[in-house]
Amino acid sequence: MAEETVTIVDNRTGNRADLPILQGTEGPSVVDISRFYKEFGLFTLDPGFQSTASCESAITFVDGDEGILLYRGYPVEQLAEKSTFLEVCYLLLEGELPTRSQYDRFCRTVMQETMIDEQMRNFYKGYRHDAHPMAIMVGMMGAFSAFFHDSLDIQNPKHRELSLFRLIGKLPTIAAASYKYSVGQPFIFPKSKLGYIENFLRMLLKVPSAKFKISPRLVRAMEQIFILHADHEQGASASTVRLAGSSMANPFAAISAGISSLWGPTHGGADEAVLQMLREIGSVDRIGAYIQRAKDPNDPFRLMGFGHRVYKKYDPRARMMKKIAQDVLSELGREDDPLFQLALKLEEIAHDDDYFCRKGLCPNIELYSGIAQSAIGIPSNMFTVVFAMARSVGWICQWMEMIGSKESIGRPRQLYVGASCRDYVPLHRRP
Ligand code: ACO
């Protein structure tokens with residue numbers, strides 16, 4: 001079959017070129033514009049990547065119109081219902097679900113990597129006591145490359161594998177320690193015989209003076225939250241990881257860049273911002289005023305937990321997250337939780353509002369994430385850290401895929417609108 005193409009004609013010169021149309025397994029076809037500059041001497045401009053695929057990927061697929069999210073072809077709802085986080089990690093990394101023995105070996109290897117170097121604990125003392133745990137996470141992740149010289153050769157598959165196990169295994173330990181430091185509590189050491197999620201919750205919530213006990217339903221809810229956050233194809237943070245890693249930087253440096261990108265309130269930081277917003281709104285009768293503010297083009301206020309670049313009808317993760325929040329609250333006998341009730345009402349009002357419908361602003365994963373996590377006992381400044389831990393597996397997969405491909409260094413072009421070339425004027429000659 002003849003290759004499908006799109007013909008571009010430069011009306012100024014009459015130059016024409018047939019650009020190949022590439023067909024993926026799902027989603028819209030893609031025009032290959034890599035020869036565009038050679039053919040026309042022109043760059044293309046697409047700020048914010050509204051219409052540009054930045055890479056070829058076989059990991060995760062999002063259909064924003066239909067509200068579909070697939071990890072290696074599996075719907076995220078099925079994985080959140082039936083799978084475990086470490087099984088999802090295996091799936092994302094290897095492309096297939098593991099056999100029982102592959103799964104057991106994978107879990108064992110991850111849990112053997114949960115300890116951190118004693119010297120790393122000293123690093124925490126360098127931070128102010130009130131540092132945000134995300135600030136500590138960025139630094140600690142970057143510091144990994146100072147400790148693991150034996151796994152920094154990114155061309156060596158054994159090094160890459162060692163790095164990924166270290167990352168997945170140690171992240172809960174540095175994350176929990178970031179929080180413990182910020183509240184002045186002693187660090188709790190990992191327990192590798194526990195499950196991945198229970199071990200994290202124990203390190204985060206236990207204090208040495210009391211026994212730690214948590215309901216298995218809450219652990220399961222947390223596991224589901226991790227699964228829903230595990231990957232989301234080329235979001236800002238994953239793209240940051242790919243771009244940072246494209247210079248052949250080591251994976252810890254690239255993941256540290258991803259954590260920084262995630263932190264912003266229009267990305268992963270939204271979960272913390274949602275809770276702040278709900279507290280500020282305070283009661284149902286004040287929702288109207290905030291909706292008006294969100295619609296006012298002169299007011300920078302945005303309704304946190306609403307809107308997404310890709311999902312324009314609904315975010316499948318938001319539905320799951322709402323159900324998780326409901327389950328957690330019912331387990332705790334707190335179905336009438338005021339913030340949850342407020343979020344439900346906000347969703348209802350926004351759903352019926354013309355502005356939000358017209359702009360395709362539906363609830364995103366973050367609307368109910370903070371409510372669910374907060375009920376489980378996660379402090380609000382740790383929500384984005386939880387997101388970073390869960391998403392790290394996605395980032396590692398994206399990084400590994402990029403390293404294994406023929407992609408060269410990421411180097412976007414620009415439409416330059418600054419001063420044209422001019423001669424330097426010595427200081428004494430300037431007016
Ligand atoms: N509240 C009010 N208006 C909004 C919102 C919102 N939450 N989101 C977008 N809009 C409006 C914008 O003002 C803009 O209006 P205009 O066309 O009149 O200028 C229009 O909708 C399009 O907005 P963009 O920012 O161009 O849309 P984009 O797809 O780039 O942004 C984003 C997506 C950043 C998530 C945005 O919807 C937002 O800021 N939401 C609130 C923060 C949030 O919840 N982030 C979490 C996202 S999920 C995640 O990252 C895991």
Side-chain angles (χ1 to χ4, degrees), residues 46-52 54 60 62-65 67 69 71 76 80 134 224-241 258-278 280-281 287-322 324 343 346-347 349-373 380 383-395 398:
D46 183 16
F49 297 94
Q50 301 276 349
S51 309
T52 299
S54 61
T60 296
V62 179
D63 182 332
D65 295 326
L69 169 58
Y71 293 163
V76 73
M134 276 300 274
Q224 291 180 307
I225 292 172
F226 269 65
I227 293 171
L228 292 179
H229 282 99
D231 194 38
H232 209 238
E233 48 124 306
Q234 309 310 319
S237 50
S239 302
T240 302
V241 169
I259 297 176
S260 305
S261 166
L262 184 80
W263 193 1
T266 53
H267 194 5
D271 44 16
E272 198 178 342
V274 166
L275 225 63
Q276 274 164 9
M277 179 192 73
L278 290 175
E280 195 185 308
I281 295 177
I287 291 178
Y290 281 82
I291 295 268
Q292 284 316 317
R293 281 190 62 193
K295 295 197 286 191
D296 180 352
N298 299 315
D299 189 331
F301 174 77
R302 283 186 170 197
L303 220 48
M304 289 291 139
F306 286 83
H308 195 276
R309 170 63 62 78
V310 184
Y311 297 118
K312 296 300 173 194
K313 287 198 186 116
Y314 77 91
D315 176 344
R317 304 166 304 170
R319 276 195 187 162
M320 288 295 295
M321 197 59 88
K322 185 169 160 181
I324 294 167
L346 193 60
E347 180 183 351
I349 293 175
H351 179 267
D352 294 336
D353 190 287
D354 179 54
Y355 172 93
F356 285 85
C357 294
R358 209 167 4 94
K359 291 192 185 285
L361 300 172
C362 51
N364 60 48
I365 185 172
E366 307 304 349
L367 182 60
Y368 294 102
S369 171
I371 293 170
Q373 290 190 55
S380 58
F383 298 164
T384 318
V385 173
V386 166
F387 192 159
M389 288 165 59
R391 184 57 61 83
S392 287
V393 64
W395 293 333
Q398 300 285 344

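FYI, the numbering just counts along the sequence from 1. In each ligand, atom 1 is the first atom listed, and ligand 1 is the first ligand listed.
To the nearest 0.5 angstrom, Ile291 atom CD1 is 7.0 Å from Ile287 atom CD1. Once rounded to the nearest 0.5 Å, the distance linking CG of Leu367 with CZ of Arg317 reads 12.5 Å.
Residues satisfying the salt bridge (Lys or Arg N to Asp or Glu O under 4.0 Å) test with Asp299, not counting sequence neighbours, are Arg293.
Sorted by chain and number, the residues within 4.0 Å of ligand 1 by heavy atom are Pro265, Thr266, His267, Ala270, Ala294, Arg302, Leu303, Met304, Gly305, Phe306, Gly307, His308, Arg309, Lys312, Tyr355, Lys359, Leu361, Asn364, Ile365, Glu366, Phe387.
Checked by atom type and distance alone, the side chain of Asp271 never pairs as donor or acceptor with a backbone atom of Ser369 at under 3.5 Å.
Within 6.0 Å of CZ in Phe49 there are 12 or fewer heavy atoms belonging to other residues, nucleotides or ligands.
Between His229 and Phe383, the distance separating the two ring centers is not shorter than 6.0 angstrom.
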